[in-house]
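Here the structure comes first, spelled out in structure tokens, and everything after it is commentary.
These values consider heavy atoms only, across backbone and side chains, with no hydrogens, waters or symmetry-generated copies.
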Amino acid sequence: MFKRFALSALTIAALQSAPMLAQAQDAVAKPTLAPKITYLVTSLDLRKCAFPFCGGYYVKAVNQPLTKCADGSHAKACHAVSLNTDALGWSDEQRAKFAEAFAAGKALVQGNLAKGELQGVQADVLTAYTAWQGQTARKPAGSFYAVRDTGIRCITTPCPSIGAQLLNTSLPETNPDLDLSATGATQAQIEATGPALGTTGVLVAGTIVATRTTDFAGKVRKGSKLVASEFYLSAK
């Protein structure tokens with residue numbers, strides 16, 4: 001029961017003395033949703049040719065049928081021989097640990113794929129400006145969203161306390177509830193999303209479905225929830 005309603009419980013606790021629809025601007029810092037392209041590894045590059053022309057992996061822009069490659073062409077998946085995480089200020093150990101998770105499709109990066117110099121030649125380099133670690137190691141299914149706490153508090157449902165934006169698109173933000181029960185996450189992992197929603201935000205793979213709830217007066221209200229298959233926290 002806790003896993004399904006953990007986030008709702010956090011919201012309800014904050015609503016005990018709140019107005020019907022109040023903007024808690026001082027209590028919650030709204031994170032900025034990253035404007036960079038979000039990438040996921042689809043497969044490793046196992047071709048037998050000289051590095052850096054071969055090796056690395058193939059990546060795709062999530063939620064998009066085609067991805068813009070380093071050479072300007074578009075394909076279902078693009079070659080990236082190297083992942084540049086210099087902007088993140090990580091140690092060699094941190095870089096290696098994240099690179100392993102990313103290559104296995106268990107992490108996401110937000111950044112740019114372009115030609116860069118590697119060993120004196122131009123190669124396909126993916127530069128990461130933010131990095132996100134999958135929390136349950138399950139294969140993501142559905143669409144990918146950036147999810148944040150809007151700072152809005154209500155005493156009834158549905159309530160737009162959560163904002164979800166479809167990654168790699170310019171579509172407007174929607175306000176579903178967030179259901180992490182299908183991810184198999186532990187209680188500690190679910191609780192960690194609470195602070196993250198108000199700071200870095202959380203990336204979520206899943207599907208938005210329609211819901212119907214009954215308020216205190218017995219009135220049926222229509223809403224929606226984002227049923228997650230996997231979720232990602234900012235990688236440390």
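- The salt bridge (Lys or Arg N to Asp or Glu O under 4.0 Å) search around Asp45 returns Arg47, not counting sequence neighbours.
- Annotation: salt bridge (Lys or Arg N to Asp or Glu O under 4.0 Å) contacts of Arg212 (sequence neighbours excluded): none.
- When side chains are defined from C-beta on, Lys36 counts as touching Asn112, because their heavy atoms get closer than 4.5 Å.
- Listed here is the closest heavy atom pair of Ala87 and Tyr129: CB-CD2, 4.1 Å.
- Using modelled atom types, one side-chain atom of Asn63 and one backbone atom of Leu167 make a donor-acceptor pair closer than 3.5 Å.
- In terms of modelled atom types and a separation under 3.5 Å, the side chain of Ser229 and the main chain of Ala205 share a donor-acceptor contact.
- With values rounded to the nearest 0.5 angstrom, Gln133 atom CD is found 7.5 Å from Lys97 atom NZ.
- Other residues, nucleotides and ligands contribute at most 12 non-hydrogen atoms within 6.0 Å of the NZ atom of Lys106.
- Of the inter-residue distances, the one linking Lys48 atom NZ with Leu46 atom CG reads 8.0 Å to the nearest 0.5 angstrom.
- Considering NZ of Lys60 and OG1 of Thr42, their distance stands at 8.0 Å, rounded to 0.5 Å.
- Minimum interatomic distance between Val81 and Ala123 (heavy atoms only, all atoms of both residues): CG1-CB, 3.9 Å.
- With a 4.5 Å cut-off on side-chain heavy atoms, Gln110 and Thr38 count as touching.
- In terms of heavy atoms, Leu40 sits closest to Gly105 at CD1-O, 3.7 Å.
- Proximity of Ile162 to Val147: side-chain heavy atoms (C-beta onward) are separated by under 4.5 Å at one or more points.
- Applying the side chain to side chain donor-acceptor pair (under 3.5 Å) test to every pair with at least one member in residues 134-144, sequence neighbours left out, gives these pairs: Thr136-Glu230.
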Side chain to side chain contact (heavy atoms under 4.5 Å, CB included) evaluation trace for Phe231 with Leu178: CA-CA 11 Å; Phe231 62 101; Leu178 180 57; over 6 Å; no

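- More than 12 heavy-atom neighbours from other residues, nucleotides or ligands sit within 6.0 angstrom of CD on Gln119.
- Counting heavy atoms from C-beta on, the side chains of Leu88 and Gln94 never come closer than 4.5 Å.
- Every residue was checked against the salt bridge (Lys or Arg N to Asp or Glu O under 4.0 Å) condition with Asp92, not counting sequence neighbours, and none meets it.
- Evaluation of the ring-ring contact (aromatic ring centres under 6.0 Å, His included) test over residues 93-120, restricted to residues two or more places apart or in two chains, returns Tyr57-Phe102, Trp90-Phe98.
- With sequence neighbours excluded, the residues that form a side-chain contact (heavy atoms from CB on, under 4.5 Å) with Thr207 are Val209.
- Among all heavy-atom pairs drawn from Ala228 and Ala182, the shortest one is O-CB, 3.6 Å.
- A 6.0 Å sphere centred on CD of Glu100 holds no more than 12 heavy atoms belonging to other residues, nucleotides or ligands.
- Both Leu233 and Val204 belong to a single network of hydrophobic side chains, linked directly or stepwise wherever heavy atoms of I, L, V, M, F, W or Y lie under 4.5 Å apart.
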Verdict with reasoning, Lys115 to Asp71, per side chain to side chain contact (heavy atoms under 4.5 Å, CB included): CA-CA 7 Å; Lys115 290 291 185 181; Asp71 63 2; 4.3 Å; yes

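- In this structure, Arg153 and Ser161 have side chains that are in contact, with non-hydrogen atoms separated by less than 4.5 Å.
- For the residue pair Ser224 and Thr211, the shortest heavy atom distance occurs at N-OG1, 3.1 Å.
- Rounding to the nearest 0.5 angstrom, the gap separating the OG atom in Ser234 from the CH2 atom in Trp132 is 5.0 Å.
- Both Leu126 and Leu44 belong to a common hydrophobic cluster when Ile, Leu, Val, Met, Phe, Trp and Tyr are linked at side-chain heavy-atom distances under 4.5 angstrom.
- Residues Val59 and Leu83 share a single hydrophobic cluster, defined by chaining ILVMFWY side chains whose heavy atoms lie under 4.5 Å apart.
- The CG atom of Asn84 sits 4.5 Å away from atom OG1 of Thr127, with the distance rounded to the nearest 0.5 Å.
- Asp124 has its side chain out of reach of Cys69: every pair of non-hydrogen atoms, C-beta onward, lies at least 4.5 Å apart.
- Note that the OG1 atom of Thr67 and the CG atom of Leu113 stand 8.5 Å from one another [nearest 0.5 Å].
- For the pair Cys49 and Phe53, the tightest heavy-atom approach, listed with the atom from each and the gap, is SG-C, 4.0 Å.
- In the hydrophobic clustering of ILVMFWY residues, with side-chain heavy atoms under 4.5 Å counting as a link, Val202 and Ile208 come out together.
- With hydrophobic clusters built from ILVMFWY side chains whose heavy atoms lie under 4.5 angstrom apart, Ile190 shares a cluster with Leu197.
- Taking 4.5 Å as the limit, every side-chain heavy atom of Tyr145 sits out of range of all side-chain heavy atoms of Pro176.
- Here the side chains of Leu66 and Lys76 are in contact, with some heavy-atom distance below 4.5 Å.
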